[in-house]
Number of protein chains: 2
Amino acid sequence: MDINLAPQLDRRFAALADPVRRAILTRLAQGEATVGELGKPFGISQPAISKHLKVLEMAGLIEAGQAGAARPRRLKPEALRETEQWLAGLHALWVDSFDRLDAVLAQLQQPDPQG
Amino acid sequence: MDINLAPQLDRRFAALADPVRRAILTRLAQGEATVGELGKPFGISQPAISKHLKVLEMAGLIEAGQAGAARPRRLKPEALRETEQWLAGLHALWVDSFDRLDAVLAQLQQPDPQG
DNA sequence: TAGATATATAACCATATGGATATATTCCGG
DNA sequence: CCGGAATATATCCATATGGTTATATATCTA
């Protein structure tokens, strides 16, 4: 029950690797927006934006609503949190290994003080 | 002084999007390791591992030392921290927008109580 | 039901990515 | 200086990605 979430992590990090998609997420962090609104800041076509949105959706980072003909997107912050947590986990692992190293060094400095 | 670090963020997230590379980082979080050691868990060739390591290096996530003919890799945790911070920033932005929404809703519930 | 607006899908192209095998490079011991 | 071990680079291949234009769908409104 860990190997199976790897693909989703793959998709999430891959989705975050594109500056257009990060900008879209930043925009959505301030509230939902339509495809047209999301596309305006970029000099690329509407289908290109729709593709980016699909990537973000497949990664679970956003979802679509329905408002007339429009399909406003909103953030799915749980996904964001899970991604943060992978990094935090790695960080913790690293810190732990340093704690252990510190312990070893402290031990070396006070070698067997009381028998 | 913000648009120029986007490529590095691109590389960092892209580097994190591969399960082999994430496993390598996890291994390195516990201490430095040689290319041979890093490759053992995976059923792929040594050049493939070297390529992954190059991707991680270009992303600034790891660096190489020198120990005889070996070039042990170690984590560069600053890069990790910076990546975490981008996500944290997005998260904060999102939380802020909710705080503002809450304020608006509270305002609506108590419309102009004392003139 | 026809038009307009908003979005999605299809088909195509160029470049990037992850893998392989073969070969080059680097460093140490003798 | 030579051989072996560790790693890097070159080349090649298949698939993925990000963009394009053209076209299809869907939803409201007249």
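None of these values were measured; they are calculated from a predicted model. All values below come from the heavy atoms of this structure, side chains included, with hydrogens, waters and symmetry mates left out. So you know, we letter chains A, B, ... as the sequences are listed, proteins then strands, and number each from 1.
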Report the residue (K54(B) or G43(A)) whose heavy-atom-nearest nucleotide on DNA chain D is the more 5′ of the two. K54(B)

If we only count heavy atoms from C-beta on, is the L16(A) to L25(A) side-chain gap below 4.5 Å? yes

Is L61(A) close to V55(A) at the side-chain level, that is, under 4.5 Å between some pair of heavy atoms? no

Which one, dT20(D), dA22(C), dT7(D), comes nearest to the side chain of I44(A)? dT20(D)

Output yes when at least one side-chain N/O atom of R71(B) is less than 4.0 Å from OP1 or OP2 of dA8(D), else no. yes

For the side chain of Q46(B) and the base of dA8(D), is some donor closer than 3.5 Å to an acceptor across the two? yes

Return no unless some side-chain N or O of H52(A) is found under 4.0 Å from OP1 or OP2 of dT17(D). no

Between R73(B) and dA6(D), does any side-chain N or O lie under 4.0 Å from OP1 or OP2? no

Compare all side-chain heavy atoms of T83(A) with those of L87(B) and state whether any distance is below 4.5 angstrom. yes

For G39(A), report the nucleic acid contact type (base, sugar-phosphate, nothing); a contact means any heavy atom under 4.0 Å. nothing

Tell me the interatomic distance from D18(A), atom CG, to dT15(C), atom P, rounded to whole angstroms. 18 Å

Less than 4.5 Å apart, side chain to side chain, heavy atoms only: is that true for E82(B) and R12(B)? yes

V35(B) side chain: which of dG18(D), dA22(D), dA8(D) is closest? dA8(D)

What's the CG-C1' distance between L38(A) and dT7(C), to the nearest Å? 12 Å

R74(A) and I62(A), any side-chain heavy atoms less than 4.5 Å apart: no

Given E57(A), E37(A), E63(A), the one that forms side chain to side chain contact (heavy atoms under 4.5 Å, CB included) with R73(A): E57(A)

S50(A) side chain N/O closer than 4.0 Å to the phosphate oxygens (OP1, OP2) of dT7(C)? no

N/O-N/O pairs, protein side and nucleotides 24-28 of chain D side, under 3.5 Å:
none

With a 4.0 Å cutoff (strictly under), does any side-chain N or O of S45(A) reach OP1 or OP2 of dT20(D)? yes

Any side-chain N or O of K51(B) under 4.0 Å from OP1/OP2 of dA8(D)? no

Taking atom CG of L53(B) and atom CD of Q46(B), what is their separation to the nearest 0.5 Å? 9.5 Å

